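Residue numbers start from 1 in every chain, and the chains themselves are labelled A, B, ... in the order their sequence lines are given, proteins ahead of strands. If you're wondering where the values come from, they're calculated on a predicted model, not measured in any experiment.
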Amino acid sequence: MTSILRHLSSATSSRRVINKFDSFLLLHYHTNSLKSNHTLKHYLESGEPIKALLNFKQRYRESPRFIDSFSVLFAIKASSSAHKGHSFMGQQIHALVRKLGFHSIIQIQTSLVGFYSTAGDISSARQVFDETPEKQNVVLWTAMITAYAENDKSVQALEMFRQMEAERIELDEVIVTVALSACADLGAVQMGERIYSQSIKRKRRLGMDLTLRNSLLNMYVKAGDVEKARRVFDETVRKDVTTYTSMIVGYALNGQAQESLELFKKMKRQDSSVSPNDVTFIGVLMACSHGGLVEEGKRHFRSMVEDYNLKPREAHFGCMVDLLCRSGRLKDAHEFINQMPVKPNAVIWRTLLSACSLQGNVELGEEAQRRIFELDSDHVGDYVALSNIYAAKGMWDEKVKMRDRVRKRREPGKSWIEMGNNIAEFVSGGGDDDGKLMVGEISEVLRSLVTSGAFTVAVTGVVASRAA
DNA sequence: TTAGGGTTAG
């Protein structure tokens, strides 16, 4: 059977090859596979991937002959959407793919890349990509580039995007969307603009794609360029909830609380086709937090639950804690944390800790630090924060203890900067003695040096001394 | 006669 597949896969039209292969199977097995595959598909669509996996496993044990490429594909999909604990199952299915010779079927390979990406196993994803015999396919490349982007490797994602362009694979709206998202992650606006303008020059319709435009808008938001973001927003005729949300978050992040809340109001008033979702409310709560609007924030929080039937998640509770902390109501924040229906995570305690650091509240600060430590996710910054509280209170012995713990735990940071058409990556030696010079600041320093024309100084001076 | 890839937050 494997040899038949190999023979078939060497033909030029892969779609026809696969159909031929399936009719070959169906000739023997009739509707059995089809019916069972529909069952698998049904489980997937109704959000029951575990049931799909069990069904697949049972079928494979009882009548392996009824397993065709469709069954395997659905099983891979199920492994991706099932919880992380099932990644072993996915690996077994991958072994089965090899055994059955399905690795030349592009849909299977693409789906496997996605599976490994979800599992956070980027090197296996790349292996699947490399092992795919026919790579002149934009969907396969998109899956791999998305895998890099999803796993915090945007530099590699853009490198691969460039490679793809060199291979002259035709771009479509999906791959451009992903590329822009990677640019957004790195703050590489110039590169994103180049990618966008070149792609709409080649295909005008790409500029009309809503998801792609949302990605472009988001890139400007991430880079803090609210004006350009607003231009994209205004030029987007039919907007969806993501368009509004990105802009609302954009204003909130850049300190324009009023504009953010105005837009939210306008969205509810004018655009009846769009209803806010949980992410929209994160933006709204962020705006209230930055604008110091405690009562308005509380009102939106209630409205989210009562008017829109949305269940607040950790992020929303986090925003509320942030809101209370920023306005100096540390006790209220502490009370709010204790009354939360979900277990507070480290991020929430950290919000309280840094507020305590700003206001010099030793007692609450120590509690927050203890909680973070219990959750086993303490960062260098936590010790810095507490050490600052002690310093402000003149508690020098305690401060020194904290500083020693900082010294032991320094980790290198990374930062990126655009250099014409390139993105350079720098690895710093960690923070300074107080752990204060963090990645963002290094990046800021570099950027200002480059824009002021002191480019060489930035690379040989600041970076070299930090990278040692 | 059922197949593969996308945006927002965290």
Side-chain angles (χ1 to χ4, degrees), chain A residues 14-15 18-19 21-23 25-26 30-31 33-42 44-45 68-77 80 102 105-115 117 125 128-129 132 137-150 152 157 164 169 171-185 206 209-222 229 232-233 236 239-250 252-253 276-286 312-319 345-348:
Chain A
S14 61
R15 182 120 206 130
I18 292 156
N19 287 341
F21 172 65
D22 277 338
S23 59
L25 277 182
L26 290 174
H30 306 286
T31 53
S33 300
L34 184 64
K35 207 174 148 193
S36 318
N37 288 342
H38 269 120
T39 309
L40 286 178
K41 199 175 175 231
H42 169 76
L44 275 178
E45 282 168 354
D68 64 6
S69 65
F70 288 87
S71 339
V72 172
L73 187 77
F74 291 140
I76 297 169
K77 260 185 148 174
S80 304
F102 288 166
I105 299 173
I106 195 87
Q107 288 90 342
I108 294 268
Q109 295 297 88
T110 308
S111 196
L112 272 175
V113 170
F115 160 73
S117 173
V128 173
F129 176 86
T132 307
N137 178 302
V138 67
V139 184
L140 178 68
W141 281 78
T142 308
M144 191 61 230
I145 290 172
T146 306
Y148 280 123
E150 270 176 355
D152 222 24
M164 189 188 133
I169 292 171
L171 303 185
D172 69 3
E173 56 273 39
V174 182
I175 187 63
V176 176
T177 304
V178 176
L180 291 177
S181 171
C183 290
D185 189 41
L206 296 193
D209 186 272
L210 183 55
T211 311
L212 190 155
R213 294 189 68 83
N214 287 341
S215 194
L216 181 70
L217 197 165
N218 176 249
M219 180 182 80
Y220 287 126
V221 163
K222 289 278 168 63
V232 176
F233 179 85
T236 306
K239 305 171 174 66
D240 67 1
V241 65
T242 305
T243 321
Y244 280 102
T245 301
S246 300
M247 199 64 232
I248 288 167
V249 170
L253 284 178
N277 62 22
D278 51 345
V279 186
T280 319
F281 276 100
I282 290 173
V284 170
L285 294 177
M286 278 187 338
R313 287 182 290 113
E314 270 178 357
H316 300 94
F317 292 115
C319 285
N345 62 14
V347 177
I348 289 187

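- If you measure from atom CZ of A:Phe129 to atom P of B:dG4, you get 19 Å, rounded to the nearest angstrom.
- With sequence neighbours excluded, no residue forms a side chain to side chain donor-acceptor pair (under 3.5 Å) with A:Asp172.
- Looking at A:Leu40 and A:Lys77, their side chains never come closer than 4.5 Å, going by heavy atoms from C-beta outward.
- Side chains of A:Ser215 and A:Asn218: a donor-acceptor N/O pair is absent below 3.5 angstrom, by distance only.
- Look at CG on A:Asp209: it is 16 Å from P on B:dG5, rounded to the nearest Å.
- In this structure, A:Phe70 atom CZ and B:dG4 atom C1' are separated by 12 Å, rounded to whole Å.
- There is a side-chain donor-acceptor pair under 3.5 Å between A:Asn277 and A:Thr280.
- Distance A:Phe115 CZ to B:dG4 P: 17 Å, rounded to the nearest Å.
- Contact annotation: the side chain of A:Ser246 never approaches that of A:Val249 to less than 4.5 Å [non-hydrogen atoms, C-beta and beyond].
- In this structure, CE of A:Met164 is placed 14 Å from P of B:dG6, rounded to the nearest angstrom.
- Note on A:Gln109: nothing from the nucleic acid sits closer than 4.0 angstrom, heavy atoms only.
- At whole-Å resolution of the value, CG in A:Leu171 and C1' in B:dG5 are 14 Å apart.
- The distance from atom OH of A:Tyr244 to atom CG of A:Leu217, rounded to the nearest 0.5 Å, is 12.0 Å.
- No engagement by A:Tyr244 is indicated, since no non-hydrogen atom pair under 4.0 Å with the nucleic acid exists.
- Atom CD1 in A:Ile175 sits roughly 13 Å away from atom C1' in B:dG4 (whole-Å rounding).
- Rounded to a whole Å, the CG atom of A:Leu140 is 14 Å from the P atom of B:dG4.
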Contacts under 3.5 Å, N or O only, protein and nucleotides 7-10 of chain B:
| unit_1 | atom_1 | unit_2 | atom_2 | d |
| --- | --- | --- | --- | --- |
| B:dT7 | O2 | A:Asn214 | ND2 | 2.7 |
| B:dA9 | OP2 | A:Lys222 | NZ | 3.4 |

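- Contact annotation for A:Val176: no contact, since no heavy-atom pair falls under 4.0 Å across all strands.
- Atom NZ in A:Lys222 sits 8.5 Å away from atom CG in A:Leu253 (nearest 0.5 Å).
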